[in-house]
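Following: one structure in structure tokens, then a few remarks.
Quick note on labels: first sequence line is chain A, next is B, and so on, each numbered from 1.
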Protein chains: 2
Amino acid sequence: MSKTGKKAVELERAANILKLLGDKTRLTMIKILDNHDACVCEFVEIFKTSQPAISQHVRKLKDAGLVRETRRGQWIIYSLNRDSEYFPLIEDLLLHLPSQDFRLKELEEQGLRISCE
Amino acid sequence: MSKTGKKAVELERAANILKLLGDKTRLTMIKILDNHDACVCEFVEIFKTSQPAISQHVRKLKDAGLVRETRRGQWIIYSLNRDSEYFPLIEDLLLHLPSQDFRLKELEEQGLRISCE
DNA sequence: TATACATATAACTATTCGCTTATATAATAA
DNA sequence: TTATTATATAAGCGAATAGTTATATGTATA
């Protein structure tokens with residue numbers, strides 16, 4: 001492919017990553033995962049939405065290679081894939097976002113975080 | 001508003017900015033504007049799409065405060081708004097994208113860039 | 001003034017997106 | 001084995017998105 005073609009494709013792929021992150025639920029997930037791994041059931045509590053909705057969001061992040069899943073018993077733990085080609089971009093981006101750790105704190109206060117461990 | 005509420009809103013607004021940038025046409029526009037101001041007719045040539053489509057894209061960027069317009073005769077010149085609250089985030093982000101200046105070079109070779117000056 | 005040019009806006013359409021409900025899969029516990 | 005829990009997948013629906021064509025606005029020029 002031509003050099004300019006490569007640059008256009010590279011930019012389009014970055015645009016697709018930004019589109020993925022351009023959703024408050026997924027962006028919050030990524031910001032949380034930057035500090036703590038989490039399972040689907042925790043996200044369900046945090047976002048107060050349905051389990052399928054959460055599964056669909058994490059699947060998109062996984063398909064793009066931004067997160068990894070690790071099964072631990074019944075649970076599937078999601079973590080940030082720091083080997084992703086886009087991880088450096090994402091890290092820079094996350095620096096501009098306010099910490100969302102208060103969301104995990106709220107779960108802990110309700111005793112809901114422990115349920116996945 | 002509560003402190004956590006503010007953080008949630010702040011993140012949601014950032015997600016909306018990323019959604020705007022999560023389109024290859026708009027992301028390329030912003031990357032180009034980081035180095036050179038441009039008018040609608042140039043973008044029409046660059047993206048080989050209709051004038052209304054381009055106008056609608058730049059309007060979204062303008063509504064979000066990411067770009068500014070300046071009328072110069074018949075033309076309206078668009079430029080990056082470096083005073084935007086989100087400019088620091090955008091600058092960091094653009095560092096990870098390949099230069100799109102080849103697109104302007106192609107225009108110059110065709111003598112199409114001069115038409116707006 | 002009349003015409004051409006640059007841009008904006010409006011209305012419409014096809015596609016994409018995120019959610020819902022229902023169901024399937026997988027692991028654990030009784 | 002059966003029941004329970006955690007997660008995934010599929011199908012369907014309403015809202016949002018990006019493009020189109022047609023038209024309006026604003027500026028320059030003959």
Side-chain angles (χ1 to χ4, degrees), chain A residues 11-13 15-30 33 37-64 66-79 107 111-117, chain B residues 11-13 15-30 33 37-64 66-79 107 111-117:
Chain A
L11 191 134
E12 182 169 0
R13 297 215 306 145
N16 287 333
I17 296 295
L18 295 180
K19 184 184 294 180
L20 266 183
L21 300 178
D23 172 276
K24 68 177 173 185
T25 302
R26 288 190 297 263
L27 188 60
T28 305
M29 283 177 169
I30 292 285
L33 291 176
D37 296 351
C39 66
V40 168
C41 65
E42 287 171 318
F43 285 138
V44 169
E45 293 298 329
I46 286 173
F47 295 108
K48 294 177 177 44
T49 184
S50 71
Q51 172 267 315
I54 296 297
S55 274
Q56 287 157 15
H57 280 301
V58 294
R59 183 155 58 105
K60 287 182 183 187
L61 295 174
K62 198 187 65 173
D63 287 349
L66 303 186
V67 306
R68 283 180 172 148
E69 59 177 41
T70 313
R71 183 172 278 280
R72 199 155 83 205
Q74 313 174 258
W75 298 284
I76 297 180
I77 310 296
Y78 284 90
S79 56
L107 281 200
L112 290 169
R113 182 132 208 267
I114 309 168
S115 66
C116 298
E117 292 175 11
Chain B
L11 191 134
E12 183 169 0
R13 298 215 304 145
N16 287 332
I17 296 295
L18 295 180
K19 185 183 295 180
L20 267 184
L21 300 179
D23 172 276
K24 67 177 173 184
T25 302
R26 289 190 296 264
L27 187 60
T28 305
M29 284 177 168
I30 292 285
L33 291 176
D37 295 353
C39 67
V40 169
C41 64
E42 288 173 317
F43 284 140
V44 168
E45 293 298 329
I46 287 173
F47 294 109
K48 293 176 177 42
T49 184
S50 71
Q51 173 268 315
I54 296 297
S55 274
Q56 285 157 17
H57 280 302
V58 293
R59 184 154 59 105
K60 286 184 181 184
L61 295 175
K62 199 187 65 174
D63 288 349
L66 303 187
V67 306
R68 283 181 172 146
E69 61 178 39
T70 314
R71 182 173 279 277
R72 199 156 82 203
Q74 314 175 256
W75 297 284
I76 297 180
I77 310 295
Y78 285 89
S79 57
L107 280 200
L112 290 168
R113 183 133 207 267
I114 309 167
S115 66
C116 298
E117 290 176 11

Output a table of nitrogen or oxygen pairs between the protein and nucleotides 11-17 of chain C separated by less than 3.5 Å.
none

My understanding is that only residues two or more places apart in sequence, or in another chain, count here; which of them pass side chain to side chain contact (heavy atoms under 4.5 Å, CB included) with [X]?
X        : answer
Ser55(A) : Val40(A), Gln51(A)
Ile46(A) : Ile32(A), Phe43(A), Arg103(A), Leu104(A), Leu107(A)
Gln56(B) : Pro52(B)
Arg26(B) : Leu20(B), Asp23(B), His57(B), Lys60(B), Leu61(B)

Are [X] and [N] close enough that a side-chain N or O sits under 4.0 Å from OP1 or OP2?
X        : N       : value
Ser50(B) : dG19(D) : no
Ser55(B) : dA6(C)  : no
Thr49(A) : dT20(C) : yes
Tyr78(B) : dA8(C)  : yes

Those residues that, when tested against Lys24(B), pass salt bridge (Lys or Arg N to Asp or Glu O under 4.0 Å) (two or more places apart):
Glu12(A)

Taken in chain and number order and not counting sequence neighbours, the residues that satisfy salt bridge (Lys or Arg N to Asp or Glu O under 4.0 Å) with Arg59(A) are none

What contact category does Phe47(A) fall into here, base, sugar-phosphate, or nothing, at under 4.0 angstrom with non-hydrogen atoms?
nothing

With five pairs defining each end axis, the helix from dT1(C)-dA30(D) to dA30(C)-dT1(D) comes out bent, to 10°, by 10°

Determine whether Leu66(B) and Leu21(B) make a side-chain contact, defined as any pair of heavy atoms from C-beta on separated by less than 4.5 Å.
yes

With a 4.5 Å heavy-atom cut-off, do Leu27(B) and Leu18(A) have their side chains touching?
yes

Distance-minimising heavy-atom pair for Ala64(A) and Ile17(A)
CB-CD1, 4.3 Å

Between [X] ([atom1]) and [N] ([atom2]), how many Å, whole number?
X        : N       : atom1 : atom2 : value
Arg59(B) : dA24(D) : CZ    : P     : 17 Å
Lys24(B) : dT17(D) : NZ    : P     : 18 Å
Leu20(B) : dA16(D) : CG    : P     : 15 Å
Glu42(A) : dA6(D)  : CD    : C1'   : 12 Å
Ile76(A) : dT5(D)  : CD1   : P     : 18 Å
Asn16(A) : dA18(D) : CG    : C1'   : 14 Å

Toward the 5' end of DNA chain D, by each residue's nearest nucleotide, Ile54(A) or His57(B)
Ile54(A)

Distance-only, no hydrogens or angles: does the Arg13(A) side chain make a donor-acceptor pair with backbone N or O of Ala15(A) under 3.5 Å?
no

Are the side chain of Arg71(A) and the backbone N or O of Gly73(A) linked by a donor-acceptor pair below 3.5 Å?
yes

For nucleotides 22-30 of chain C, just jot down a letter per nucleotide in 5' to 3' order: B, S or -, based on protein non-hydrogen atoms under 4.0 Å.
B----SS--

Go through the steps for Thr25(B) and Thr49(B) under the test side chain to side chain contact (heavy atoms under 4.5 Å, CB included), then give the verdict.
CA-CA 10 Å; Thr25(B) 302; Thr49(B) 184; 5.8 Å; no

